[in-house]
Student: 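Just passing along the structure, written as structure tokens.
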Amino acid sequence: MTTAHHERMSSVDTAWLRMDGPGNSMMIVGVSATATPVRAADFRRTIEQRLLCFARFRNRPVADALGASWMEHEDFDLDEHVKVVVLPGPAGKAELERLAADLASTPLDPRRPMWQFHFVEHYNGGSAWVMRVHHCYADGIAMIRVLLSMTEQDSGPAMGPRPTARRKAASRRAGADVLPVLSWVEQLAQPAEDILENALAEGARLLETGIHQLFHPDRAAALASQAGGMAGEFAKVLALPDDPDTPLRGPLSGYKAVAWGPPIPLQEVRTVGKALGCTINDVLMSTVAGALGGYLRGHGFDTDDLAVRASVPVNLRAAEEPLTLGNRFGLVFVEMPIGIKDPLRRLYATSDTMAALKGSLQPPMTLMMLGLMGMLPALVQAPAIELFSRKATAVVSNVPGP
């Protein structure tokens with residue numbers, strides 16, 4: 001009798017696994033389309049060769065009293081994960097949006113690896129598919145890299161292996177000046193047994209460098225400043241009042257609407273930002289705020305002097321590190337001035353808000369909080385998540401792609 005391979009899940013990914021609820025399935029949902037048709041058999045073969053080369057997609061998450069593990073699914077059947085579907089009627093954009101909405105509203109089966117592709121062989125002269133992956137497997141940055149690896153001529157995995165002990169040691173030597181607070185944030189993305197191993201190693205390193213700290217008070221002061229900054233950011237977020245009640249907020253039904261428009265040329269956004277002394281993100285966030293404000297006013301809601309917050313993910317992976325699966329991002333709470341009707345005034349107000357958040361410790365602080373939630377009993381997590389979710393009305397995400 002063989003025993004299925006299993007690996008402890010990182011505390012951050014455990015927190016995402018636990019966030020599932022009847023009103024909100026915690027999935028990443030993506031829609032892709034090709035200009036020319038793809039045969040269903042070719043699509044299935046691509047998934048088999050280029051997705052399943054990442055071992056995690058053969059695993060299913062299994063929760064337990066102490067957290068969760070990745071368990072190899074011994075009865076893995078690719079046909080359970082790649083479904084060929086036919087769109088009804090004219091089989092156009094509206095029908096694909098409806099399929100995506102239905103799938104986004106349907107939880108994944110926890111008895112199997114929690115991902116699926118629904119493939120539409122004939123769509124708008126080409127083909128299309130809807131991808132669903134539970135958020136505990138990976139964040140948007142990682143999944144973009146996975147999807148890109150499926151379309152490249154080189155079929156090698158887009159992500160490097162987990163660092164070996166030797167590479168970890170070399171990394172520690174090379175990054176000796178990295179402050180320990182952010183080092184601990186890094187540990188929360190590791191499997192549970194690695195956290196213990198690294199905690200012991202980090203403790204020994206701190207003992208070893210204790211005398212060094214005495215003779216380098218500037219470094220000790222910087223560490224104290226950073227730790228104080230993290231605590232200050234936590235207190236600041238806790239002190240934020242709940243976002244105002246608007247038609248944009250309400251009980252979650254579990255059903256999700258999905259829609260998309262034609263692409264906006266990035267060069268046009270860049271040109272507007274450059275001409276007005278703002279960034280691309282300033283322009284886009286201001287545009288979202290204007291759209292939300294216009295929607296509310298169109299439904300008779302008074303938006304004068306009204307602002308709502310968006311929770312904005314921030315990637316915390318180092319630019320040079322090999323990309324791995326899992327969740328490695330924090331959040332910032334961005335105030336959107338939806339009550340300002342004048343687009344220029346709204347843009348400059350948004351730009352000021354975004355500038356004030358540059359260099360903020362909110363992203364590593366929120367990642368650390370997620371990691372701590374994943375270590376604590378599941379009953380503690382739900383009220384903590386609810387406390388943070390009341391601080392924002394929307395999630396606005398910006399994931400770079402081709």
Student: Kindly give the heavy-atom pair with the smallest separation between Thr393 and Arg249, and that separation in Å.
Tutor: OG1-CD, 3.5 Å
Student: Closest heavy-atom contact between Leu238 and Lys391?
Tutor: O-NZ, 3.1 Å
Student: Before giving the answer on salt bridge (charged side-chain N to carboxylate O under 4.0 Å, His left out), spell out for Asp342 and Arg345 the whole-Å C-alpha distance, their side-chain angles and the decisive distance to 0.1 Å.
Tutor: CA-CA 5 Å; Asp342 180 79; Arg345 283 186 55 226; 5.4 Å; no
Student: Regarding Asp139 and Arg317, does a basic nitrogen lie under 4.0 Å from an acidic carboxylate oxygen?
Tutor: yes
Student: Nearest heavy-atom pair of Ala128 and Leu96: which atoms, and what distance?
Tutor: CB-CD2, 3.9 Å
Student: Quick one, Ile28 with Tyr137, criterion side-chain contact (heavy atoms from CB on, under 4.5 Å). Give me CA distance, side-chain angles, the key distance, then yes/no.
Tutor: CA-CA 10 Å; Ile28 294 175; Tyr137 281 73; over 6 Å; no
Student: Can you find a pair of side-chain heavy atoms, one from Phe388 and one from Ser311, that are under 4.5 Å apart?
Tutor: no
Student: Is it the case that more than 12 heavy atoms not belonging to Asp64 sit under 6.0 Å from its CG atom?
Tutor: yes
Student: Could you check whether atom CD1 of Ile264 has more than 12 heavy atoms from other residues, nucleotides or ligands sitting under 6.0 Å from it?
Tutor: no
Student: Compare every heavy atom of Ala101 with every heavy atom of Lys256, then report the nearest pair and how far apart it is.
Tutor: O-CB, 3.2 Å
Student: How about Phe57 and His81: are their ring centroids closer than 6.0 Å?
Tutor: no
Student: What do you reckon, is CG of Asp305 surrounded by more than 12 foreign heavy atoms closer than 6.0 Å?
Tutor: no
Student: Evaluate the criterion side-chain contact (heavy atoms from CB on, under 4.5 Å) for residue pair Glu95 and Leu99; output intermediate values, then yes/no.
Tutor: CA-CA 6 Å; Glu95 289 73 29; Leu99 172 66; over 6 Å; no
Student: Kindly determine whether Ser105 and Asp102 satisfy side-chain hydrogen bond (donor to acceptor under 3.5 Å, both in side chains), including the steps that lead there.
Tutor: CA-CA 5 Å; Ser105 309; Asp102 290 342; 5.7 Å; no
Student: May I have the step-by-step check of side-chain hydrogen bond (donor to acceptor under 3.5 Å, both in side chains) for Asn59 and His73, ending in yes or no?
Tutor: CA-CA 5 Å; Asn59 297 344; His73 191 57; over 6 Å; no
Student: Taking the ring of Phe54 and the ring of Trp70, is the distance between their centroids below 6.0 Å?
Tutor: no
Student: After noting the C-alpha distance and the side-chain angles of His135 and Asp20, does the key distance pass the side-chain hydrogen bond (donor to acceptor under 3.5 Å, both in side chains) rule?
Tutor: CA-CA 9 Å; His135 218 309; Asp20 260 330; over 6 Å; no
Student: Salt bridge check: are Arg44 and Asp79 linked by an N-O gap of less than 4.0 Å?
Tutor: yes
Student: Looking at every non-hydrogen atom in both residues, tell me the closest pair between Gly92 and Leu87 and how far apart they are.
Tutor: O-CD1, 4.2 Å
Student: Would you say Arg390 has more than 12 foreign heavy atoms packed within less than 6.0 Å of its CZ?
Tutor: yes
Student: Do other residues, nucleotides or ligands put more than 12 heavy atoms under 6.0 Å from the NZ atom of Lys274?
Tutor: no
Student: The criterion is side-chain hydrogen bond (donor to acceptor under 3.5 Å, both in side chains); which residues satisfy it with Arg309, sequence neighbours excluded?
Tutor: Asp243
Student: At their closest point, which heavy atom of Glu233 faces which heavy atom of Ser360, and how far apart are they?
Tutor: OE2-OG, 3.2 Å
Student: Could you give me the CA-CA distance, side-chain angles and deciding distance for Trp129 and Phe43, then say whether ring pair (Phe, Tyr, Trp, His ring centres under 6.0 Å) is met?
Tutor: CA-CA 10 Å; Trp129 60 89; Phe43 181 79; 5.0 Å; yes
